[in-house]
Enquirer: 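The following block contains the structure, expressed as structure tokens.
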Amino acid sequence: MTNPTDKELLLSLKGVSKNFGAVSALTDIDLDVHAGEVVALVGDNGAGKSTLIKTLAGVHQPSSGTIEFQGKPVTLANPSAALDLGIATVFQDLALCENLDVVANIFLGQELSPYRLDETAMEVRAWTLLNELAARIPNIRDVVASLSGGQRQTVAIARSLLLNPKIIMLDEPTAALGVAQTAEVLNLVERVRDRGLGVIMISHNMEDVRAVADRIVVLRLGRNNGVFTADATNHDLVGAITGATDNAVTRRENAKKAAHFGEPAS
């Protein structure tokens, strides 16, 4: 089995921090993502996962540190810059228009229209994308409101692939899905990885993480707190997430940060 870290290094964060006024949301974050690799980003609420994803999506600008893409330092000044570079994001709300059909949602904002909408070309491209993903959507002219949660996630992911990104970021892709729909989405994540893309997946579900992740990166209070493989024990993962396995220095730093937010030190 090929080690994903032997493949091309697509994204590398070095010492990335993000401050909102006096509050440090991210502190000295390091993160690598390779081609054909799923990196799961886990941590408690407030660990910094969403802030990190939004920084990579061009929504937030880092306060310090460097972001390298395919070996070159880059500035993600806005979401368009991230997309142009090859970083696509599927946020938890999916941003789909329920009254429009599958084709219209996949091409939303990227319609093929040299003179007027080229419906035929869009249908062909939509079918091609969905077939490559082995998607379970029987009719691409069905409105999104009629689709299951898993099918909606599929539409959102297909839309993110339209511009041929190198990396796709998924924010809680299996949240609120049933067992069958979750399995469908996890299979989809694997197929995206098999296309050679780097995948960053936020999830609170350790079972889902273990099913698809090549590496698991734990954030705690805005800092790196461990990197694990999918065969890591629950004890190790939960310990890193909750801080039970922090060293003494880290515990002191976390206690100071907790006090800053008015939380009891532990």
Side-chain angles (χ1 to χ4, degrees), residues 38 49-50 53-54 56-59 78-84 86-195 197-205 207-209 211-212:
V38 176
K49 304 183 301 296
S50 293
I53 289 295
K54 289 180 179 178
L56 291 174
V59 176
N78 51 54
S80 292
L83 277 173
D84 291 344
I87 302 174
T89 308
V90 178
F91 290 106
Q92 193 170 352
D93 65 6
L94 300 184
L96 299 175
C97 294
E98 295 198 348
N99 63 316
L100 299 180
D101 63 29
V102 171
V103 176
N105 271 280
I106 288 177
F107 283 89
L108 195 63
Q110 303 175 71
E111 292 82 0
L112 302 180
S113 54
Y115 305 106
R116 61 178 182 176
L117 286 181
D118 191 339
E119 297 284 359
T120 301
M122 290 194 295
E123 280 193 4
V124 170
R125 178 65 173 140
W127 268 124
T128 300
L129 273 174
L130 294 172
N131 286 336
E132 288 175 355
L133 295 172
R136 297 180 179 178
I137 297 178
N139 189 343
I140 59 175
R141 285 305 183 181
D142 284 343
V143 295
V144 164
S146 69
L147 303 182
S148 69
Q151 289 171 327
R152 294 182 190 202
Q153 190 72 234
T154 299
V155 173
I157 291 175
R159 181 176 63 192
S160 73
L161 295 175
L162 199 59
L163 296 179
N164 298 312
K166 297 286 187 181
I167 288 179
I168 180 170
M169 301 190 293
L170 306 174
D171 187 3
E172 296 285 1
T174 60
L177 296 183
V179 174
Q181 294 177 10
T182 294
E184 181 180 347
V185 171
L186 293 179
N187 287 335
L188 189 63
V189 171
E190 291 180 327
R191 287 192 287 273
V192 171
R193 172 180 59 193
D194 291 345
R195 289 166 63 103
L197 276 70
V199 181
I200 301 174
M201 183 178 83
I202 290 180
S203 180
H204 283 93
N205 190 311
E207 187 174 337
D208 293 352
V209 165
V212 297

Enquirer: Check whether any side-chain heavy atom of I140 lies under 4.5 Å from a side-chain heavy atom of I106, and answer yes or no.
Expert: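 No, every pair of side-chain atoms sits at 4.5 Å or beyond.
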Enquirer: Heavy atoms only: give me the nearest L129-A158 pair and the separation to one decimal.
Expert: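 The pair with the smallest heavy-atom distance is CD1-O, 3.5 Å.
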Enquirer: For the residue pair D208 / S203, report whether a side-chain donor-acceptor contact shorter than 3.5 Å exists.
Expert: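 Result is no, nothing qualifies.
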Enquirer: Taking all heavy atoms of S160 and all of A88, pick out the closest pair and write down the distance.
Expert: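 Between these two residues, the closest heavy atoms are O-CB, 3.6 Å.
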Enquirer: Which atom names give the shortest non-hydrogen contact between R159 and L108, and what distance separates them?
Expert: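 Scanning both residues, the minimum pair turns out to be NH1-CD2, 4.0 Å.
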Enquirer: Write down the atom of A82, the atom of A57, and the distance for their closest heavy-atom approach.
Expert: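 Distance-wise, the nearest heavy atoms are CB-O, 3.5 Å.
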Enquirer: Pairs under 3.5 angstrom only: tabulate donor-acceptor contacts from the side chains of residues 91-104 to other protein residues two or more places apart or in another chain.
Expert:
residue	atom	partner	partner atom	Å
D93	OD1	A95	N	3.4
E98	OE2	R152	NH1	2.6
D101	OD1	V103	N	3.2
D101	OD1	A104	N	2.8
D101	OD1	R141	NH1	3.4
D101	OD2	R141	NH1	2.7

Enquirer: With a 4.5 Å limit on heavy-atom distance, are the side chains of V90 and P173 in contact?
Expert: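 No. Closest side-chain heavy atoms not under 4.5 Å.
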Enquirer: Which pair of heavy atoms, one from M122 and one from E111, lies closest together, and at what distance?
Expert: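 Heavy-atom minimum between the residues: SD-CA, 4.0 Å.
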Enquirer: Under a 4.5 Å cut-off applied to non-hydrogen side-chain atoms, are E184 and N187 in contact?
Expert: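 Result no, sub-4.5 Å side-chain heavy-atom pair not found.
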Enquirer: Does the side chain to side chain contact (heavy atoms under 4.5 Å, CB included) test come out yes or no for V199 and V212, once each step is laid out?
Expert: CA-CA 10 Å; V199 181; V212 297; over 6 Å; no
Enquirer: Would you say that I137 contacts D142 through its side chain, given a criterion of any heavy-atom pair below 4.5 Å between the two side chains?
Expert: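 No. Closest side-chain heavy atoms not under 4.5 Å.
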Enquirer: Kindly indicate whether the side chain of P79, heavy atoms from C-beta on, has any atom under 4.5 Å from the side chain of V59.
Expert: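 SC-SC contact between P79 and V59 confirmed.
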Enquirer: Do T182 and N205 come close enough that some side-chain heavy atom pair is under 4.5 Å?
Expert: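 Side chain of T182 against side chain of N205, heavy atoms only: no contact under 4.5 Å found.
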Enquirer: Going from CZ on R125 to CG on L130, what distance comes out if it is rounded to the nearest 0.5 angstrom?
Expert: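 CG of L130 is found 10.0 Å from CZ of R125.
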Enquirer: Can you tell me how far the CD1 atom of I87 sits from the CD1 atom of I53, to the nearest 0.5 Å?
Expert: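 Interatomic distance, I87 CD1 to I53 CD1, rounded to 0.5 Å: 10.0 Å.
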Enquirer: Side-chain contact, heavy-atom cut-off 4.5 Å: I167 with L56?
Expert: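 No, their side chains stay 4.5 Å or more apart.
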Enquirer: On a heavy-atom basis, which atom in T154 and which in A135 lie closest, and how many Å separate them?
Expert: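 What the structure gives for the nearest pair is CG2-CB, 3.5 Å.
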Enquirer: Would V192 and L170 count as a side chain to side chain contact (heavy atoms under 4.5 Å, CB included) if you check the C-alpha gap in whole Å, the side-chain angles of each, and the deciding distance to 0.1 Å?
Expert: CA-CA 11 Å; V192 171; L170 306 174; over 6 Å; no
Enquirer: Quick check: do T89 and D171 have side-chain heavy atoms less than 4.5 Å from each other?
Expert: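 T89 does not reach D171 side chain to side chain.
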Enquirer: Between Q151 and R136 (side chain of the first, backbone of the second, donor and acceptor by atom type, cut-off under 3.5 Å), is there such a pair?
Expert: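 Checked: pair present.
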Enquirer: Could you list the residues that satisfy side-chain hydrogen bond (donor to acceptor under 3.5 Å, both in side chains) with E132, not counting sequence neighbours?
Expert: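 Partners of E132 by the side-chain hydrogen bond (donor to acceptor under 3.5 Å, both in side chains) criterion, ordered by chain and then number, come out as R195.
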Enquirer: Measure the CE-CE distance between M201 and M169 for me, rounded to the nearest 0.5 Å.
Expert: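 Here the interatomic distance stands at 14.0 Å.
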Enquirer: Nearest 0.5 Å, what's the CG-CD distance between L162 and Q110?
Expert: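 Going from CG on L162 over to CD on Q110, the span is 5.0 Å.
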